[in-house]
Amino acid sequence: MMKNIVSHNFLPKDSTQTMADLTVGCFIAEALFITGLICILTYHLRRLKLYIKASKFRGPPTIPIIGNAHHFIGNNGEIVQKLIDLSDSYPSPYRIWLGPELLIMVSHPEDVKKIVGSDKTIEKSPLYRFFRPWLGNGLFTAPTAIWRIHRKLIGPTFNLKILESFVSVFAAQSSIMVKKMETELNGGEFVIFKYVSLCAMDIICETAMGVSMGAQSNNSGDYIETVEKTFAIIYQRVFKAWLQYDAIFYRTRLGREQKKCLNVLHDFTNNVIRRKKEALLRKRDNRDATTDHKYDEDDSLPPRRKAYLDLLMELTDNQMKFTDQELREEVDTMIVAGHDTTSNMICSVLLMLASHPDVQEKAYRELEEIYGSSKVEERCVTHEDLSRMGYLERVIKETMRVFPIAATVSRAVTEDFDVGEYTLPKGSIVGIDIIKMHRSEEFWPDPFVFDPDRFLPQEIAKRHSCVYLPFSAGPRNCIGSRFAMMEMKTVLATILRRYIIKKDKITPIADIKLKSDVILKAADPIKLRIKERT
Ligand code: HEM
């Protein structure tokens, strides 16, 4: 038909040309359409096995192409609530299709134990790729081959001897924070996070990095705010199937926003590294200037006893194990993993203490036994004290149960994996439903009652070891769990010794709305009041 029209010679010459162009255009469009169709068919044929295996799992009804992505329209609070609702509606294991990604959610402790311990599920899930523009191949996001080497090198920088030497920094920074909070004394409720996060920031920089950033003295919260913003964007990307494609994401407002945020975040870490390098050079110069070669403490330590950034610098310096870029990625990872987690958790513990005055009183009595009536400035927390804070530790653990920092962690299934009665198919993602286990009536009688004594040794012994996973488990667990516990105890003890924490209107745990900016937290900023302890 088209050819007939073109062949009529009464058409003007450029019309003939136009028709010819149209014919070519139609041909190209058809070819593209057919190629596209073939690609889509091949893609789905290759995944046929995955689809067949996925069909064996229960899960919410799906829509072609987007799967269950429509459930996750909304803000980060609504997304978390949707996940919790799905886990309540479908017993473990159940599946969710996030666009092309098959996510299988598991909350049976025995299944979880197999998953966290297996080499078939050691690779982080493809959903973690959205962190890569920020954290590259740092420990949190690294592919297994890189992760194994780096974790082995970095592991010893978290040994007990090094951690014990950090407690004086935890204590000194906590004292600064408590002093700064004086301005809020006897006033109304205030957002506690702004104080705690700056303190946690100074702590991670001064301990692991060995650089004093003075975030508390300069009130410099830019980096912290940007971290929160970036996490919120990444979480949106994970659950909004259409944002998973770079070509779309970077054309949206969120994509442009993320680019700006990353500039701020990378500038900050570059600054930390630059200051560390300058400090090392100064040390070397000073040493060269002295005749008796007094080696400073860091230099005299064997590699297994060096603090985090000292060791990384040495490994980068000698061009041995780390490139400059890898160094930056690890520093980015450790700063963010090391401060945002603990600061949010400390705020949640303070909320629980304010909401349960009897628990707060008991925690204080324990501190009174250690410190008597001495003031924070007269007698600060030491590492020997920490082992005497058993009740405070149980309060922290119980808070991590009801408000786990990671509601779920997910891994890629790299080979078909038999987990009891079902098989996790290769190519899927397995999600460990931490919040479901932590708040389940099956494992915790009255799960929404705040009871620190659930963590008495005899109570722990009654439970499955994988029913409680605030720091995840297995080889890819949290490298900083001991650091975190020591820091949280020190900061909380310092606050409690000086102030009584109060809340005007107490909300029952079950009614506290949650959101996840990757890190799970109360949807509304935690606001508390402080009163001088007399
Ligand atoms: C209350 C405090 C903390 C909690 C609840 C927590 C929780 C977790 C969890 C659940 C994971 C596993 C994440 C996943 O598989 O997706 C993790 C990994 C990690 N955490 Fe923590 N964390 C805390 C504090 C810290 C601190 C203080 C540091 C460092 C000083 C740290 C460094 C890391 C790193 C580097 C990883 C990745 C480890 C790897 O894959 O080898 N965390 N954390």
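All values below come from the heavy atoms of this structure, side chains included, with hydrogens, waters and symmetry mates left out.
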field: Worked check of side chain to side chain contact (heavy atoms under 4.5 Å, CB included) between Y223 and H339
entry: CA-CA 11 Å; Y223 174 86; H339 93 275; 3.8 Å; yes
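- No donor-acceptor pair closer than 3.5 Å links the side chain of Y128 to the backbone N or O of E123.
- Checking L103, L102, L86 one by one against R95, the side chain to side chain contact (heavy atoms under 4.5 Å, CB included) holds for a single residue, L102.
- Contact record, M400 with Y468: CB-OH, 3.5 Å, taken as the closest heavy-atom pair.
- Within the 4.5 Å cutoff, side-chain heavy atoms of Q81 are placed close to those of I84.
- In this structure, E329 and L135 approach most closely via the heavy-atom pair CB-O, 3.4 Å.
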message: Determine whether I501 and L496 satisfy the following criterion, side chain to side chain contact (heavy atoms under 4.5 Å, CB included), listing intermediate values before the conclusion.
response: CA-CA 8 Å; I501 317 295; L496 287 183; 4.1 Å; yes
- request: Check the pair K513, D524 against salt bridge (Lys or Arg N to Asp or Glu O under 4.0 Å), reporting the backbone distance first and the verdict last.
  value: CA-CA 7 Å; K513 296 238 172 326; D524 297 321; over 6 Å; no
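- In this structure a side-chain-to-backbone donor-acceptor pair under 3.5 Å is present from R439 to V402.
- Between the SG atom in C347 and the CD1 atom in I526 there is a gap of 5.5 Å [rounded to 0.5 Å].
- One N or O on the side chain of E189 and one on the backbone of D504 form a donor-acceptor pair closer than 3.5 Å.
- Of the possible polar contacts, one joining the K240 side chain to the G74 backbone as a donor-acceptor pair under 3.5 Å is found.
- The environment of L456 atom CG is dense: over 12 non-hydrogen atoms of other residues, nucleotides or ligands sit within 6.0 angstrom.
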message: Run the side chain to side chain contact (heavy atoms under 4.5 Å, CB included) test on L127 and Q244 for me, step by step, so that the C-alpha distance in whole Å, both residues' side-chain angles and the decisive distance to 0.1 Å come before the verdict.
response: CA-CA 9 Å; L127 301 175; Q244 296 190 354; 4.2 Å; yes
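- The shortest distance between side-chain heavy atoms of I224 and M201 falls below 4.5 Å.
- Checked by atom type and distance alone, the side chain of S55 pairs as donor or acceptor with a backbone atom of I52 at under 3.5 Å.
- Counting only heavy atoms from C-beta outward, the side chains of R533 and Y364 approach each other to under 4.5 Å.
- Contacts of D202 classified as salt bridge (charged side-chain N to carboxylate O under 4.0 Å, His left out), with partners at least two apart in sequence or in another chain: none.
- Relative orientation of the F166 and F483 rings is perpendicular, given thresholds of 30° and 60° on the angle between their planes.
- Side-chain atoms of K362 never come within 3.5 Å of backbone atoms of Y391 as a donor-acceptor pair (strictly under, hydrogens ignored).
- Listed here is the closest heavy atom pair of T342 and M488: CG2-CG, 4.2 Å.
- A 4.5 Å side-chain heavy-atom check between L351 and I512 finds at least one atom pair inside the cut-off.
- Proximity of a side-chain donor or acceptor of H356 to a complementary backbone N or O of D358 within less than 3.5 Å is not detected.
- With hydrogens and angles left out, the side-chain atoms of Y94 and S87 include a donor and acceptor closer than 3.5 Å.
- Residues I519 and D517 are not in side-chain contact: their nearest non-hydrogen atoms beyond the backbone lie 4.5 Å or more apart.
- Residues R148 and D119 are paired through a salt bridge, judged by an N-O separation under 4.0 Å between the basic side chain and the carboxylate.
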message: Between V395 and L492, is the side chain to side chain contact (heavy atoms under 4.5 Å, CB included) condition met? List the steps.
response: CA-CA 11 Å; V395 172; L492 286 162; over 6 Å; no
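- Checking side-chain atoms of H438 against main-chain N and O of L469 turns up a donor-acceptor pair under 3.5 Å.
- E228 has a carboxylate O that lies under 4.0 Å from a charged side-chain N of K521, or vice versa, which qualifies the two as a salt bridge.
- Nearest heavy atoms, M177 versus V196: SD-CA, 3.8 Å.
- The residues E182 and R498 are annotated as salt-bridged, a charged nitrogen and a carboxylate oxygen being separated by less than 4.0 angstrom.
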query: Can you check salt bridge (Lys or Arg N to Asp or Glu O under 4.0 Å) on K113 and E110, steps first, answer last?
result: CA-CA 5 Å; K113 188 174 176 183; E110 197 47 39; 5.0 Å; no
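- Inter-residue side-chain proximity for M485 and L163 is flagged as unmet; no heavy-atom pair is nearer than 4.5 Å.
- Across every non-hydrogen atom of V381 and A493, the tightest pair is CG2-CB, 4.3 Å.
- Here R365 pairs with E361, E368 under the salt bridge (charged side-chain N to carboxylate O under 4.0 Å, His left out) rule; sequence neighbours left out.
- Ring centroid separation for the pair Y235 and F239 comes in under the 6.0 Å cut-off.
- At least one donor-acceptor pair closer than 3.5 Å links the side chain of N68 to the backbone N or O of P61.
- A distance of 7.5 Å separates OH in Y195 from NZ in K180, rounded to the nearest 0.5 Å.
- Although no hydrogens or angles enter the test, the distance criterion places no donor-acceptor pair under 3.5 Å between the side chain of E487 and the main chain of A200.
- Ring-centre distance between W134 and F140: not below the 6.0 Å cut-off.
- Atom NZ of residue K531 and atom OH of residue Y499 lie 13.5 Å apart, to the nearest 0.5 angstrom.
- In this structure, the side chains of F231 and F131 come closer than 4.5 Å at one or more pairs of heavy atoms.
- Note that CD1 of I405 is 7.5 Å distant from CG of D340, once rounded to the nearest 0.5 Å.
- More than 12 heavy-atom neighbours from other residues, nucleotides or ligands sit within 6.0 angstrom of CD on E377.
- Salt-bridge annotation for K194 and E184: present, with a side-chain N of the basic residue lying under 4.0 Å from a carboxylate O of the acidic one.
- Residue pairs meeting the salt bridge (Lys or Arg N to Asp or Glu O under 4.0 Å) criterion with at least one partner in residues 396-422, sequence neighbours excluded, are K53-D416, E393-K397, E398-R401, E398-R454.
- One finds the CD1 atom of I429 at 4.0 Å from the CD atom of E101 (value rounded to the nearest 0.5 Å).
- Between R482 and N159, the shortest heavy-atom distance links the atoms NH2-CA, 3.9 Å.
- Taken from CD1 in I435 to CG in L514, the straight-line distance is 5.5 Å, to the nearest 0.5 Å.
- At most 12 heavy atoms of other shown residues, nucleotides or ligands fall within 6.0 angstrom of atom NZ in K426.
- By the 4.5 Å heavy-atom criterion applied to side chains, V106 and V419 are not counted as neighbours.
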